[in-house]
Structure formats: structure tokens, C-alpha cells
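Everything on this sheet refers to the single structure shown next.
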Amino acid sequence: MTEYDLSMTVASYLDRHMVFPLLEFLSRLEVYDETDINKCRLELLKGSNMVDYNIDILELVYPDREVPAEINDRRSEVIQEWNELNLETKPIFAILHDEEVKKQIQVSRDSKQLVDFLVERFNFKVEMMDTLYRLAKFNYEVGNYGRAAECLYLHKVLVPTNDKNYLNSLWGKFSSEILMQHWEAAVEDMNRLKEYIDNHPFSSDAQALTQRCWLIHWSLFVFFNAPKGYELLIDMFLYQPNYLNTIQTMCPHILRYLATAVVMSRQNRPNALKDLVKVIQQESYSYRDPITEFIECLYVNFDFDGAQHKLEACEAVLANDFFTVSCPADFIENARLMTFETFCRIHQVISINMLAQKLNMDPKEAERWIVNLIRQAHLDAKIDSAQGHVIMGQQAVSPYQQLIEKTKHISFRAQTLTDTIRKKLSAKNQEHGGWAGDM
Amino acid sequence: MSRFFDAGSDSDSESTQSDEPERFQQPKLTAAAFAFSDDEEETKRVVRSAKEKRYEELKTYVRNIKNFRKNRDIGSLLTNFEDLWKAFTKAQTVIQKEESGQVPRFYVRCMAEGEDFINSVWEDRNARKNLSKVQSKSLATLRQKLRKYNREEKMAAEIAKFRENPDLPDSDEEEKRAEDSDASDSDDDGASDAEVAPSTGTSKEPSRSREMSKAKDESDSDSDDIDWGSDSDESDYSDDDQDQYPSMRDYFLKKSTDKDDEARKRQKKEERERQRAEERERRRQQEEDDEDEDGDWEKVKKGAPTAKEKLKMFAKDDEVTLNLVNKKYAEISAARGKKGNDRREMIELLHELLTIAEQHNMTPGMIVKIKFGLTAAIFDYNLAIRYAMKPDLWEKVNQRVEDLLDQLLTTPDVIVGENILEENESLEEPPYRVRGCILSVVERLDDEFVKILKNCDAHSNEYFERLRDEHRMVRLIDKAVQLLESRLPKADDAVVELCTTPHEMCRGYLKQVEHIYYKVDKRIFQQAEGEVPADEPTSEQEVDRRCKYIYSNDSTAVLRTRAILYHIYHHALHDHWYEARDLMLMSHLQTNIQNADPVTKIHYNRMMVQLGLCAFRNSQIREAHNALLDIQSSPRVKELLAQGSSQRRDDLTQEQEELNKLREMPYHMHINLELLECVYLVSAMLIEVPYMAAHEFDARRRLISKSFHYQLRNSALKYDLLGPPELMREHVVAASKAMRRGDWRACRDFVIDKTMNAKVWDRFYNGDQPRADKVRAMLTRKIQEETLRTYLFTYSNVYDSVSMVTMSELFELSVGDVHSIVSKMIINAELMASLDEPSQTVVMHRTEPSRLQSMALQLADKLANFVENNERLLEMKQGRDMYYGRGGGGRGFGDRPPFPRGDRVGGGQGGYGRGGGGGGAWGNRRDNRGPPRDQRGPRR
């Protein structure tokens, strides 16, 4: 089962704090040894500020050993720093919690204007912004994400986009929201971050690539939890060339999530499938797992037996993946429908027994399933219950149909053509000061 | 000396002597000569007679002829000769009257020399080939005319007489020459004279004698082992021309030093005598060496002569100091590149200097400097770049360079750099700084090596002999790179400007890659199969490492582009199809290769071809077809790949042709063209035949591959009765026909049989049979599949239903495979049918449209075309990208930029105009992988 486990691969692109939920999940799955996971946690905690958690885990892993002195030292250090920082930021919060300031923050759009206002009225110092950032970072590091998010929100409002900490602040905010599971806020932050990455040229393309790669991985948290996440995922991963490139170059394993999302939102995004197939075929040499193989079997090789086997494997893989753990049922249903659809397009007569086998269902269940489909008018078919066959409705394209198909778009195209010409004409006329071309 | 006067009549010579002494000199002395003879002329000038006038005219022509001969301007030479003959007939009467019919000697000389010149040019086939059309035409006419003239005008006798002692001057200046007793002595080694002359400057040494000695020297240098090629006569004249200057200086010098004491003169004379003796000695030694064929120059420094040489280089009592050596070096190298400088002489001098320097334990800096000079001098030896070095000379440089590299490697305190200025050099103490670029030297050496290879007949033993030297070349490059690597700037280095620059490092690596990339490393295949441990280093890693360095460190696009091209080539050669493809797509080469230099384009074409072959071996038929399409649809495949020219091209000038020659690949790097064509045709067959079957009655059918159709048509036209196929093309055509009938066995037997194996398939993987068998198996499988498709397309209207089991038996495919293929066809709406699962049959729905219906469909097609055309028209007006709209259904081709076709534009059949199903994998994918992939690639 661990063969298709992507946790470690994904974890390498995540922040340390985000890996804990992943580990939590893995320990619940009970496929790995608990102590191994705890050791892993310890590795992660090394040098972090989450001292108390560290001590807890240490006690779990080595119950018979004393907690090393250095960790206790570290603890007091952290607490001291905490106090210092709090002291330092007190005046800042005093200013920022002022009612008037809050109002101003809501109103003002420009950070510079706001800072000017604060400096003028409240004796605000520019260095305070950095202090604020430090406090946020410290909060984040000790696991106090809510406070970190709050600080970062203020920080983001105050600093201009070209500030050295601006990008870091964005990442921090995004991460905090994810860890607090505020998905809506996270989506917002994600979009902000994406905008920033796409619009700010980095010194090297490698940097931009890394940033995108991180964003792709972090946003997985959001996509698989937020409402309409699948469609957002498809939009971003499949239809934004930059991100598709990043996936192809840096992290083809993301294809699993992309494929899952495409299958899940099959009805809303019927076209995505074709594009996905292309991508999967292209990258088949660099990444394959049951999910991509399922798609490949179904849409490239039309190997229904193979697809059925893969589907079984898919279920297990999805159930064991942190992100897709909630999907298997939906996924299987959709995948079945997809298989069946393809099947129907190819076949004229299908025996229910065979179908049931291909769909990984009981014959009776399959029959009921088909009857439902027919009733809901998804399918033009009849059941021959004497022989146990499903007979598809005739689907041969008549020449008339062909003719209609061929000529359908012609008038539309001609119209756009005339429109463009007319537009051009009117533009020309306006240039010459004429009024002829009123549209 | 007086034989001339014996031959000619006394009165004639007398008169010429008294009347116009300096005029007879004219043809030999050019403007410079006039400059100083002006004052003399004034005193001696007499009335200009008719004869004078005529002679004047003649001489002008003679002078022109001489100039044009120098320039090798044969066209003008012809017209001048014609004018000269005319003028001579005019002058005939005067000559009859005044010289009793004796043809003036300068005229005879001109004719004789003209004839010699023409003959030499004529015989030098290489040079003649390089002449442009007009030039070679005039050469032929001139040769004929001159012969005819000499025969008819009774010139033959005169010329024969002249040839008996050609060295006699046209005029007599013996009184001057007589004084110079040295002249006859210096005959045997005029070469040394050339070098010493400026410093010796003894009494009167008129140009005449020097010229004579020069002429002699020429003849002996011709006879020695070095082939001067067609240069010989050229340099002959240039030398003549040259000599005017030192002699002119002597002329003035003479006046000023006249008062100098005799003692000094004598001393100098002695010195020269001694030098000459040494020279002879040395030459003898050298000849011995040459005879030994080991060409080892080290020998010279051993034994007795060295002591003498030292004497020659430096005064007896002088202590040989660094400064002195440096000065001497500067003196010698100052002559470099100047006309009239004997290059052979220079090599020898430098070599002596080196020996002396080594004997006196000069600093490594100085020695390195001299060694640099020496290699440069040897390179200079061959003047024309287009001719290859002599192999033994190359051998020598090779040793020299290796020696130099070894020294540089062992003495890390010598810093060599091309941006160290001459005045900033420090030779006395470490760290030594020397100006010079070892990389350039190695690169030059490599170029010469390639030239030598190209100069050999590719099928001869000689080629093999030379090719054996490649490992030495590689070793040398490796050493150079090692040197560069050892001098890479370290973090704590203070003087960064003296370290290896990344650019130099890139150049070094690229040179290394150049020698690796086209070679098949069997270990890579074995590694893939697990026969060789995965951690064994292969050429792949070597190429990879170096290319990656270049990707990240090169600032000029040129080196990087080359590196990418080599990298892809190497990947493709070892069946790393995906890596090669990704690198290709990421590099975005196809978009801007048009702007590259011709050599890069050639490498691009080679890479593309190799990529196509790789795709074919990996059963990516469509990709293979697309990659090869552009190269193969041009009639100039050979030229695009720089593997010789396919036919004589009249539209190229001589220069272009020469350039093409220069760019050609050496034979061992050639790509088998027949293999290429066969792979292309077979790919085209696999794509085109089913397509043809599917669209048999389609009005809008497109040609996927023009050249494939051409072959098909050709075979139909050529023969009334088709015999069994013999040529590769005939095989493919026969196979296509079999496939069209649905007979896959016949198709396979045509494609894979004994002849085809020998000609094509066995050549995959350098004749590695098991691997070639895999390709054959793949091919068989493809033929089965595509024939099945063709069969279904062709015969579907005959069947109401077909059993899949029958088909699987017929085509020896598993039922599952047949099912998969049929399903695909149904899904893609290629086949109007559906499967009847319980009975395992394909039920056809194909309803033949009635006449009216099919016409209506055609009308609809035409309408669609019409609208499309309109749209295109509008787009064109708007000046948008023209080719985006083209090609209708040819999606991929539409936005695929045309592949470049080397430097020559092979007609306007760019990759785009052609339509064709969904063959756009390249184009489409390129769009998907946007820019970052591009930049990522080189970094990966």
C-alpha cells in the first residue's frame, strides 16, 4: 500500500507545520509504524520553536529517557523571546487597535497612505512593520496560527508590495489559514499569492518555478477542502500553462490529484478529460499510478478489463491519500459512469453480466443501476431481460445529421466575419471623423 | 651572367643599356622602384621616340598582367593579354626597324611567365575548382589563346631561349651586381637572408640579386617536403613585391653607411658566413629527422649544433638573460604575419630560442611564452585556412601543445590568459603571467584535425589512420579542460580576473562534448537493461554534466544552443526518447533557429534527424514522421546535414561552395541517408496508407507526405510491368500497395527482408542484432495494426458485420488488441460501426449516402472552405500571423513553425502549409509547455 504513497514526496514541498496534519493522518491509517512516525515528527521538530510539542513527542518515543536539557533551555529561550516580542509590539497593537485606525484600515486602499496616516497621527514608526512581521513569524513558529494570521493581516495592510517581507508575509498568511482550516480565507490568500507570483518577475525563472511548485502543493489543502475546489484545481493546474508546466517539470505526481479532480467534476467539466488524457499520455513515462493508468486504459487503450482492475486499485490509493481521503466513493461512481459511457458509445449490445463485471458490481445491482440511468434519460437504451442484454439505441449518424453538423457553424462564422469587418469600417470612419458607422 | 648577351645580339643589349636602363627595370620594380630612380631618370632622359612610346604601352600591359596574376584575376588577365598582343603587333614595325626583329626580352618574359602561370593554375585542380564560372571560363580561353599565340607568332623559340636562363634580368645592371660577391653565395640559403637582411645591410645589394636568390629559394622550398599547394606561385610574387622594401631601405642605407668602416663590414660578413654554415648543418639535421619520420623536433637540441645556434642567436660573449631572450622573442615574433616572412624559418628560430631558453633555465613563464609563440608559428605555416595541414605537421603541433599543456599543468604558478596585456606580462618571478590562450590553441588544433579528416578520402585506409589520432585529440582537450578546471576561481581567490572565466570553461566543455556526443556508448543500453551497474559512469553523465554547466553558466546563446543540440542528439542516439523530446520542447529551438548561424542550423538538422530516428525506434511513428518531414521533403538532404552536396549547383558562387565545403561534417559523423529516407518513408506509409483508405472519396483529402506520394506515383508511371522490388524505395512502395490491399504479411515481407535488412534495419544501433530485432518486431506490430485499420476502412462497406475473432486470426493480433483498435476507431468516428459484445462482432452502420446526399455533403465542405478562405483573407488584411489560419484541419501543423532548412532555403514548402489529421503533437505540446519549461530545461 505504501507503493503509491505520495506523502513523503508532497511533504518535501510543504512547510514543516503542514506536514504534521499529514503525519497525523498517516498514524490514523496505521500503515506505518507509530514510533517511526513519531521519530519523523521529532526530526521535523528539531530546532523548531514548538518546544512543548517536542517534549510531548519525546516522551512518547523515549518514555524511559529524561528530556534533554537543551530542549528545556530552548524552552526558556523561546519564552523569553516571546515576552520580549510581546513587549516590543505592545505599542503597535495599541495603535492598531484604535477604533479610528481600524476604520482607516478598512477604508484606505493604499498602504503608503495608511502608513503616512499612522505616522502622522499615532507616532507610528516604519520599523514597527518589521517587528510586526517578526511577531507573526514567532507566533507561527510556536504553532499559534490564529495570532500569526492576525498579525500578518495587519502587516500586509501596512507594507507596500515591494517590501522585502511582503512575499513571505503572504506565504505565512496562507499557511496559517490552511492550518486553521479557514478555507475561504485560504482561497483568498491563495489567489493573492498567485497573482503576486504571476505578476512579479523573479530574478530567475527557477525561482518562479519553485514558488509555483510550492503554491501548487500548498493549494492542495485548499482544493480538496474548499467548496468547488475541484473546479478551481482544474482551472489552475490544467488550464494555466504556467502551472501545467510546473507540474510537468517539477512534480508530475500532482497528476494524481488533477486526474482525481477531473474525474470527480466530470459533469461540470466534460472537456477537461480530453486535455487531461493528453497530459497523462505525455507524462506517462515520468509518472504513473493507478489513477492515471485508469484514465489511460479507458481513453487511450480502451482496455476495459484493465480499467476495471485499476479502478480497484484506485479506491485503495485514494483512501490512503491525505488529500483524497474523502473522495473514493464519489470517484468510483464517476469512474463507473465514465466507463459505462465509453462502453455505450462503442457497443451495440452488451450483456449485463459482462457489464457488471466491468463495473465491479453485482449483476442485479448493475441492472438496477442501468435502469436508473435509462430512467433519468442519461441513456438511450433498452434492456432485453430474456437474454440479459442491454441494447443501445441506434446512433449511426445520418447524412442529414452530418450535413447539419457541417453547416451549423458556417453561418455563425460568417456573421462574426461581417461583424469584424463592420467594426473595422466604423473604426476607420470614426478616425476620419465620420458618423456613418454607428453600431 | 653574360649568357644573355651571348644569346642576344650585342647591339641590342648595348642600346637598351644606354638608352633606357631604368625602364627595363620597370616590369620588375613597381612603384616603389620608381620613387628612388626618379632623380636618375632626369639626367638620363632623352627624346621619346616612337619606339619608346610603343614600349611604354607594352610595358603598361605587362605590368598590369603581372598585377592581375598576383590577384589571380583571370578575367582581366585575359583582356590584358589581348590588348598586349594588339599593342605588340602595332609595335612590330618599330621593333623590326630598331631591333632588327629581335623581340624585346621583357615581352618574352611576360609571355613565358604568363604561360607558366596559366599552366600552374590549370594543373592545380583544387584551385581551379574553386574558381567561379566566369573565372574558369576565361582561364580556358586564355590558355588556348596563349598557346595558339605562342605557336603562331614564332614565340615558341624565343620562349625556349628565354627559359634556358630565365633569371637573367631584363636589363643589365651587372656593374652593381658584380660588386656584391655575396649574391652567389647566398643562393643556397636565401631564406636565412630574408631574416638577416635588415640587420646586415651590407654594401650594395640591389634588388635584382635578392630576387634571384629568392627565386632559387622558392625552387628549393618547392622541392622540400612541404607542399605549398597553389600558394607557391602566389607567394612567389608577393615575395618579389616584398623584397622591394628592404632593398629600398638598403638603397638608402648604403648611402648613409658608406662611410662606415670596413672592419665592421667584414665582421658582419663573417658572422653571416657562420650563420650559413649553421643553417646548412641544421637543415641537414632536420632532413634527417624528417627522413626518420618521427618528426621529433627535440632531437635538434641534442648534440653539437646547439652551441653554435646559441652563438647565432646571441653574440658570443653575451650572457643569455631573460631580457635578452624576451627581446629576441619579440624580434622574431614581430615578423609574424608580415609578408615575405619565411614561416618555416620562424618556426626554426623559435625552436632554437626555446632550446636556448631551456638550457639556460629560464623561468617557466618565458618558456611557456616561447612555446605559445612556437605553436602559433606552426599554425601560421599554412596560410590558406581552407586547406588542411599536413598530417605530420599536425602531429608536431599536437606534441607541442601537449608539451605545453603538461608544463602548464605541472607548474601552477604560470598564469595564462588572453586578456593579459603584453606589457603586463611578468616573466621573471612567480606568479608568472603570460599572454596566450591555451583554449584557442586547442580549438584550432581540433579544427585542423577535422580539416585533415575531411581532406582524406573517407573510404581509404588513410582516413582510418587519421581517425586513430582522435583519441589523442580528445586527450589533449581533456588536459586543457583539466587545466581550466584547476584554475577555476575559488571562493577565497583575490585575483579573479586571472582565473578561468565561465565562458572559457563553457568553451572547453563544449569541445569535449563535441567529441563525445555523436558516439554510441553501449554501456548506456546495457545499463538500461541492467547488464551494467547503474552507477557506472557512461558518456551520458559526461555529456550531462558538461551541458548543464554550460546551460547555467553560458552567457552567449550560441554555446548554449550548441550544447542543447548535442545533448538532445546524445539522448536520441541512446533511445532516451522522452528526455530528448522534452529537452527539445523546452528549448524552444524550433521558434528561433531560423536566426541562427548556418553551422548551428546544420547541427539542428542533424539533431532533428536523430530525434526522428529515435522516435521511430521507440515506435512513435507520427513523431518520427514529423521530425523527418522537413529534411526529407527537401531535395537537398545531403546539404542540410552537411554531408556533401547532392548535385553541382550553379547558383552558388565559388565562395558559398567553399563555405559549404568548410562546414561539412567529417565522414565518421555522417548519418546514413538511406536509413533516414527509409525510416521516413516507412513512417509515412504507416500514417498515410490508412489515411488514404479512410478518405478515399474525400474531396478534401490532404497529402500528409508529399515525397511518399511522389514515390507511389513514380513507381506507377515508371514501369508498365512491376518486377520484384530492388531498391529501398521500391520495397516501400510495394509494401504500401500490399498494405492497401490489407495483406500485412506481404507488407511485412517487403519492408523486412534480406535486402532491406542489409540496407537499413541492421544499421540500427550500429548493427547490434538483438536490439535491431526489437525494432523489427515493433515494426511488424505496427504494420499489423495499421493494416488492420486499412482493412477495416477499405472493406467495411462490404461487410455487415465482422467477427473480431476472425480479424484477430487474420492479423495475428490478440482479440484484446483488435478490440482496442476497433474501439478507438469507433470513438474517433473513423468507423461507423459498433460492437456487439455477446457475439464479439463489429456491426457496421455505414450507410452509403445517396448521390444527392453526398453532393450535399460536398457542397457543405466547399462552403466551409469558402468561409475559411474569407476568414483568412481578413486576417491577412489585418496583418495577423498569416500561417495561423492556414491548413484548415491541420491543427498542429498550423502553429508549428517551419523547421529551418540549413542555410539554404529549400523552396517554400514550409512545414505548415500541409494539413493532415492530428499530426500536431509537436505544435500542440509546445504550447502547453510555456516559457518556464524552456528556462527550466537547461537548468535541470
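This one's a predicted model, so the numbers in the text were calculated from it and none came from an experiment. Reminder, nothing fancy here: chain letters follow the sequence lines and each chain counts from 1. These values consider heavy atoms only, across backbone and side chains, with no hydrogens, waters or symmetry-generated copies.
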| request: Return the orientation label for the B:His576 and B:His571 ring planes: parallel under 30°, perpendicular over 60°, tilted otherwise. | output: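 Tilted: the ring planes of B:His576 and B:His571 meet at 30° to 60°.
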
| Aromatic ring pairing A:His253/A:Tyr13, orientation class (parallel under 30°, perpendicular over 60°, tilted between) |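 A:His253 and A:Tyr13: tilted rings.
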
| Proximal component of A:Thr407, with respect to chain B [non-hydrogen, under 4.5 Å] |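 Looking at A:Thr407, just its side chain touches chain B.
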
| field | A:Phe304, part contacting chain B, at a heavy-atom distance under 4.5 Å | value |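 A:Phe304 touches chain B through side-chain heavy atoms alone.
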
| said: As an exercise: rank B:Leu863, B:Ile827, B:Val867 by heavy-atom pairs under 4.5 Å with chain A and give me the winner. | reply: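 That would be B:Ile827.
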
| task | May I ask you to establish whether A:Arg212 and A:Tyr243 are in a cation-pi arrangement, using a distance under 6.0 Å from NZ or CZ to the six-membered ring centre and at most 45° from the ring axis? | result |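 Positive - A:Arg212 is close enough to the ring of A:Tyr243 and near enough to its axis.
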
| task | Nearest 0.5 Å please: distance from the CG atom of A:Leu215 over to the CE atom of A:Met236. | result |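 Between atom CG of A:Leu215 and atom CE of A:Met236 there are 4.0 Å.
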
